Amino acid sequence: MDRHGDMIKFTDTWISDISPMARLILEDNKEIVRKLKVNWNHEIGFEIQDGDYKHIVDLVKKTCTCRLWQLRGIPCKYVVCALYHIGYESKNYVEHWYRRDTFLRAYKYFIQPSSNMIMWPESNNPPIKPPEVKPMPGKPSRNRKKAKDESRKKKWGKASKME
Ligand SMILES: [Zn+2]
């Protein structure tokens with residue numbers, strides 16, 4: 001219950017509508033933007049030159065050939081570069097799962113308080129027992145599995161014999 005409250009309070013520390021982690025990644029990407037060269041087709045496509053590599057950004061399909069945008073849902077440095085080129089705000093292109101309202105929606109149901117087990121009423125129903133253990137299909141292993149510290153002890157024993 002405390003953790004639940006802490007998670008809701010956590011959003012009060014956010015300085016924007018997207019999570020601090022997503023915001024930091026965007027900030028880092030903004031730093032790099034100045035070093036990249038942009039070619040825009042005056043529609044939705046961009047070519048971003050980064051040294052010897054040229055990446056393609058599509059703002060409608062939400063894709064970049066470096067694939068980080070598709071993978072992470074946060075604009076990569078090439079997408080940030082493309083958006084900056086046309087004066088768009090890159091935080092609007094962050095996927096909804098990093099947004100404050102999505103985060104709060106996940107924590108909108110509260111855990112209801114309950115009394116402890118000794119205060120629960122007695123029942124006349126038969127007690128619930130664990131299910132019977134069934135042998136699993138396949139040949140059973142001939143060797144017993146040893147515990148981690150058990151095998152270590154054996155090594156110690158061997159070493160002492162050799163002395
Ligand atoms: Zn990319």
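Both counts, for ligands and for their atoms, begin at 1 and track the order of listing. From a predicted model like this one, the values you see are computed outputs, not experimental measurements.
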Near the Zn ion (ligand 1) (protein N/O/S, cut-off 2.8 Å, waters excluded) we have C64 SG, C66 SG, C76 SG
Mind checking whether Y78 and W69 have ring centres under 6.0 Å apart?
no
Salt-bridge criterion met for R100 and D17 (N-O under 4.0 Å):
yes
Residue that, paired with L26, satisfies side-chain contact (heavy atoms from CB on, under 4.5 Å) out of P75, S16, C76:
P75
Main chain of S115, side chain of W120: is a donor-acceptor contact present, judged purely on distance under 3.5 Å?
yes
Counting only heavy atoms not in F103, do more than 12 sit closer than 6.0 Å to its CZ atom?
yes
Anything under 30° is parallel, anything over 60° is perpendicular, the rest tilted; go ahead and classify H4 against Y107.
perpendicular
